[in-house]
Asker: 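The structure follows.
Chain A is the first sequence line, chain B the second, and so forth, proteins listed ahead of strands; every chain is numbered from 1.
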Amino acid sequence: MKKLLIFLLIPNLIFAELLLEITKGSDNPYRVAIVPFEGSSNGVNNIIKIVKDDLMRSGEFFVLDEDMLLSSPKAIEDINPSEWKLLKIDFVVIGKVVDENSSGLKATYEIYDVNRRSKVRSSTVYGIPGKIRQLSHYISDGIYENITGIKGIATTKILYVNELIDSFGSTYILYVADADGANEQILLKSNEPIISPAWSPDSKKIAYVSFETGMAKVYIQDISTGDRDLVLVNDHQISSPAWSPDGKLLSLTLYQDGNAEIYILNLKNKNLTRLTKHYSIDTESSWSPKGTKILFTSGRSGSPQLYEIDLTKFNTKPKRITFEGNYNAKGSYLPNNEGVIFVHRSSQQFQIALKYFDENFIRPLTESKMDESPSVSPNGNVIVYAITDDKLGMIAGVTLSGATFILPATNGKVREPAWSGFLR
Amino acid sequence: MQTKQHYIQASFLSFLIHASIFLYLIGFFYSEKQVRPILSKAVNVNIIVDEGPKEDPIIKKPSKVFKAEEVIISTKSENINEVPKINETGSITNLQSLLSEELEAFNSSALEEEINKYSNYMISLIEAAWIKPKNIQDNLICDIKIKTNQAGRIIDINLTKSSGNIRFDNSALQAVKRVETFSFFADIRKETYEDVFQNIVISFNPSK
């Protein structure tokens, strides 16, 4: 060992590099110009609008308005860099729909970096005829990834429950929609409440709680076939399903011990393992990205707070995560396990907040009155949550860079959004 | 057998220690490169001369810049002390040595100036390209090691120290990638490039 140490020390003495320290960065979003796409079909004009909305929603981009463009180059070679410098544009996107017929849709696009004065990406995307939205989302993700280095989420999906109230009572509908709220499809319709939808890690199945039998029961449904199964047959209420990252386990809240306790269900052999044991409520479990820890809400301190259980150690005491205020609930991990997102009550407001594990304070992300059910995007940059405004329920979003948006309203009370994983 | 092995190990270790002490004494480990100039902001050489050798808070370690100034100052003082000493034959005896000292001092300060100048170019280019993510922890630091070729093109990028926050690390990597080429490398002398600008560590530290 000592011998090794000496050898290790020698190179340190001989080689030393120049160290540059970067202390300042820009807070401004990337400025992008999208030149109108060429193509024959009517949908071509929509591509730019959809891509622009996708990029703007991320909060990390500013997309120049079409009428502000000084020219519309048809190819990278036609770009005059100084013209774009004048508009303070960082990247120019040029594209066209090359082929559209009954069998397919094909588009190409190129990204030009004005500062580097060179092409940084050239890509071809394929789509299904008539599905210009899907194609546009692919382009958005390509641009987002190329410029930020982070995977885009325009092609991901969101689950949510809509409660329609008419003279006969309420109808609950479970929807799946694109991340921008468009293209919604009905997965389940019921006269009894549907709550807590959750995606499987491969985003092919969903789990949710349905009261259709008069009791809270958890079902798993295949999205493409619509087949659904009751996960556990017993005489007690079951709620809050959450999938483990490997898709083999489901954590659930069971009420069979007189109060709410968290259990882990093995989906293959249906074995149940009890995780919490306390006379107060333990619920709303969620798995850490690696599946080694479970976060949950517990009332054991007298008020709802977030706790974490380490699954790699046997019989450990849950560790309390939140200490600020008397209400912190519905927590979930950031995808890189740097912290947790949850609902926090400050004075009389419920807001979405972020807490990093290496910080001892929380960072509120929203400012409205009744924010609930946060769900984090798979890239960790955006959080969707439900807002209640008078009698209307809507889905809003906030990005970690501070931008906010509201998804297009539908009639009814929209609540409980759940973000899928990456679908590509 | 066991003891024999211990003897061999011990003598080998002893040999290594003695050899390294010996090599150290004859100056084997001394290298120009071992001084690691830490530059974070413009270090204006002239201003330092005017103010005298006062510790600049920006420079954490005494770097080459400092030594260069000291040399200049000492040569100057020697000049004052020794130039009037003209001996009877009317020639300045130590003119030759004075001149060479002056030249050496000039060269090393020129090198420092060169390093400072191009380091600052690089810093401003990277700072312009860096979009710092919001809502990140305070006190995040990450180090990126880059390798450049003589044309100034970055040929290798490595995250050597992660901040623990992937968004922060990623923004730093993206900033370096966006710079891609330091076009002014053409103006840098080959020796300076090889000694200083071939391998560079870029530390992103917005808390400063």
Asker: Could you check if a side-chain atom of B/Pro133 sits within less than 4.5 angstrom of a side-chain atom of A/Leu400, using non-hydrogen atoms only?
Answerer: no
Asker: Just give me the residue among B/Met122, B/Gln137, B/Lys134 that pairs up with chain A most often, heavy atom to heavy atom, under 4.5 Å.
Answerer: B/Gln137
Asker: With a 4.5 angstrom heavy-atom cut-off, is it the side chain or the backbone of A/Phe91 that approaches chain B, or both, or neither?
Answerer: side chain
Asker: Can you tell me how far the CD1 atom of B/Ile136 sits from the CG atom of A/Leu354, to the nearest 0.5 Å?
Answerer: 11.5 Å
Asker: For atom CZ of A/Phe361, is the number of surrounding heavy atoms from other residues, nucleotides or ligands below 6.0 Å larger than 12?
Answerer: yes
Asker: Please check if the number of heavy atoms outside B/Lys145 that lie under 6.0 Å from its NZ is greater than 12.
Answerer: no
Asker: Calculate, to the nearest 0.5 Å, the distance between atoms CG and CD1 belonging to A/Asn337 and B/Ile166 respectively.
Answerer: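 A/Asn337 CG to B/Ile166 CD1: 11.5 Å, rounded to 0.5 Å.
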Asker: Look at the side chain of B/Glu127 and the backbone N and O of A/Ile22, then say whether any donor-acceptor pair between them is shorter than 3.5 Å.
Answerer: no
Asker: Please report the shortest heavy-atom distance between A/Arg363 and B/Asn135, naming the atom on each side.
Answerer: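 For A/Arg363 versus B/Asn135, the nearest heavy atoms are NH1-OD1, 4.0 Å.
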Asker: Which heavy-atom pair separates B/Ile123 from A/Leu20 by the least distance, and what is that distance?
Answerer: CG1-CB, 4.1 Å
Asker: Just wondering, are more than 12 heavy atoms of other shown residues or ligands nearer than 6.0 Å to NZ in A/Lys85?
Answerer: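 Yes - once you tally the heavy atoms of other residues, nucleotides and ligands closer than 6.0 Å, there are more than 12.
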Asker: Determine whether B/Lys132 and A/Asp27 make a side-chain contact, defined as any pair of heavy atoms from C-beta on separated by less than 4.5 Å.
Answerer: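 When only atoms from C-beta onward are counted, A/Asp27 and B/Lys132 do touch, with a gap below 4.5 Å.
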Asker: Taking atom OH as the centre, does B/Tyr24 end up with more than 12 heavy-atom neighbours from other residues, nucleotides or ligands that are less than 6.0 angstrom away?
Answerer: no
Asker: Which bit of A/Asp358 comes within less than 4.5 Å of chain B, counting heavy atoms only: side chain, backbone, both or neither?
Answerer: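 Side chain only.
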Asker: Are there more than 12 heavy atoms of other residues, nucleotides or ligands under 6.0 Å from atom CZ of A/Arg320?
Answerer: yes
Asker: Using only atom types and a distance under 3.5 Å, with no angle test, would you say the side chain of B/Asn170 pairs donor to acceptor with the backbone of A/Thr148?
Answerer: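 Indeed, once roles are kept as given, a pair shorter than 3.5 Å links the two residues.
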Asker: Looking only at heavy atoms, what is the nearest atom pair of B/Gln174 and A/Tyr30, with distance?
Answerer: CG-OH, 4.2 Å
Asker: Answer yes or no: are there more than 12 heavy-atom neighbours, outside B/Tyr121 itself, under 6.0 Å from its atom OH?
Answerer: no
Asker: Identify the heavy atoms of B/Ile131 and A/Pro29 that sit nearest to each other, and give their distance.
Answerer: CD1-C, 4.2 Å
Asker: Between B/Asn165, B/Ile126, B/Val179, which has the largest tally of heavy atom pairs under 4.5 Å with chain A?
Answerer: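 That would be B/Asn165.
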Asker: Within the structure provided, determine whether A/Asp113 and B/Glu180 are in side-chain contact (heavy-atom separation under 4.5 Å).
Answerer: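 No; the side chains remain at least 4.5 Å from each other.
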Asker: Tell me, side chain or backbone of A/Leu334 under 4.5 Å from chain B's heavy atoms, or both, or neither?
Answerer: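 Contact with chain B involves no heavy atom of A/Leu334 at all.
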Asker: So what's closer than 4.5 Å to chain B heavy atoms on A/Asn28: side chain, backbone, both or neither?
Answerer: backbone
Asker: Quick check: closest heavy atoms across B/Lys177 and A/Arg116, and the distance to 0.1 Å?
Answerer: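 Nearest heavy atoms, B/Lys177 then A/Arg116: O-NH2, 2.6 Å.
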Asker: Answer yes or no: is there a side-chain heavy-atom contact under 4.5 Å between A/Glu338 and B/Phe168?
Answerer: no
Asker: Just checking A/Glu359: does its CD atom have more than 12 heavy atoms from other residues, nucleotides or ligands closer to it than 6.0 angstrom?
Answerer: yes
Asker: Please look at B/Asp138 and chain A and tell me whether the side chain, the backbone, both or neither of the residue comes under 4.5 angstrom of a heavy atom of that chain.
Answerer: both
